[in-house]
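The analysis underlying the following values was restricted to heavy atoms, covering all of them including side chains, and did not include hydrogens, waters or symmetry mates.
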Amino acid sequence: MTISRTIIIALLFTVTAGYGHAGDRVWGPEPGAKTQKQDAASIQTQLDQELRAKFDAAAKSNHLLTAKGAKDAGWGVIVDHYAEIDRDSDGYLTFDEVQTFFDARSPLATARARAAAKVQVVE
């Protein structure tokens, strides 16, 4: 009976300790901090900054992202769609190519418009 009681207690601690999910963002403001109203433009700016930071970390110093660099950074969506994103088939991705890929899939109208403006039709 002692072993099963110990297992039950250990399971209860495990369940209650891991109540939140890894990677969950907490967006609550700091106590006393002034909050700003968010609109589509401010959200797009924040997403662009996060994308730039992630790209720079994965691309390292030359600002060109290879498939290996994306895989090493754990950026699975880029790895999975690498050939689609690399429209000029030069073997690496620029930030502009990555941003265009994400903009085309964005629910924000400003991002989709930005992506549409970058699309080139070759006949």
Side-chain angles (χ1 to χ4, degrees):
M1 188 77 104
T2 310
I3 293 174
S4 62
R5 185 176 294 173
T6 304
I7 292 172
I8 291 171
I9 291 172
L11 286 173
L12 285 173
F13 278 120
T14 303
V15 169
T16 57
Y19 186 70
H21 298 299
D24 283 353
R25 291 186 179 179
V26 179
W27 291 97
E30 294 290 326
K34 226 178 181 181
T35 58
Q36 294 179 353
K37 184 176 179 181
Q38 294 220 325
D39 58 358
S42 66
I43 292 170
Q44 186 63 57
T45 300
Q46 183 178 1
L47 291 173
D48 289 344
Q49 290 170 348
E50 289 179 14
L51 181 63
R52 172 56 87 175
K54 185 158 185 152
F55 180 86
D56 288 345
K60 308 268 189 249
S61 61
N62 63 356
H63 303 292
L64 299 173
L65 182 60
T66 62
K68 183 181 181 326
K71 185 176 181 179
D72 291 347
W75 211 352
V77 68
I78 298 296
V79 174
D80 292 345
H81 297 277
Y82 197 86
E84 179 184 349
I85 300 169
D86 188 15
R87 290 184 175 249
D88 57 4
S89 301
D90 57 4
Y92 59 85
L93 303 178
T94 63
F95 177 74
D96 192 49
E97 289 173 319
V98 173
Q99 186 178 41
T100 300
F101 173 77
F102 283 111
D103 282 352
R105 287 149 185 79
S106 176
L108 298 174
T110 54
R112 287 193 314 272
R114 183 171 58 191
K118 292 179 185 178
V119 172
Q120 296 178 354
V121 177
V122 179
E123 295 183 40

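- Here D80 contributes atom CG and I85 contributes atom CD1; the two are 9.0 Å apart, rounded to the nearest 0.5 Å.
- Residue L51 is not grouped with residue I43 when hydrophobic side chains (ILVMFWY) are merged at heavy-atom distances under 4.5 angstrom, including chains of intermediate members.
- Residue pairs that meet the side-chain hydrogen bond (donor to acceptor under 3.5 Å, both in side chains) test with at least one member in residues 66-76, sequence neighbours left out, are K68-D72.
- Taken to the nearest 0.5 Å, the CG atom of D86 stands 4.5 Å off from the CG atom of D90.
- Identified under the salt bridge (charged side-chain N to carboxylate O under 4.0 Å, His left out) test for residues 102-111, with sequence neighbours left out: E84-R105, D103-R114.
- Looking only at distances, a side-chain donor or acceptor of Y82 sits under 3.5 Å from a matching main-chain atom of G91.
- Under the salt bridge (charged side-chain N to carboxylate O under 4.0 Å, His left out) criterion, D39 pairs with no residue, sequence neighbours left out.
- Contacts of F101 classified as ring-ring contact (aromatic ring centres under 6.0 Å, His included), with partners at least two apart in sequence or in another chain: H81.
- To the nearest 0.5 Å, atoms CG (D88) and OG1 (T94) are separated by 7.0 Å.
- Residues A104 and R112 come closest through the heavy atom pair O-CG, 4.4 Å.
- In this structure N62 satisfies the side-chain contact (heavy atoms from CB on, under 4.5 Å) test together with L64, sequence neighbours excluded.
- From K54, atom NZ reaches atom CG of L65 across 11.0 Å, with rounding to the nearest 0.5 Å.
- The two residues I78 and A70 make their nearest non-hydrogen contact at CG2-CB, 3.7 Å.
- Look at R52 and D48 and you find no salt bridge, because none of the NZ, NE, NH1 or NH2 atoms lies under 4.0 Å from a carboxylate O.
- In this structure, the ring-ring contact (aromatic ring centres under 6.0 Å, His included) partners of F95, at least two apart in sequence or on a different chain, are F55.
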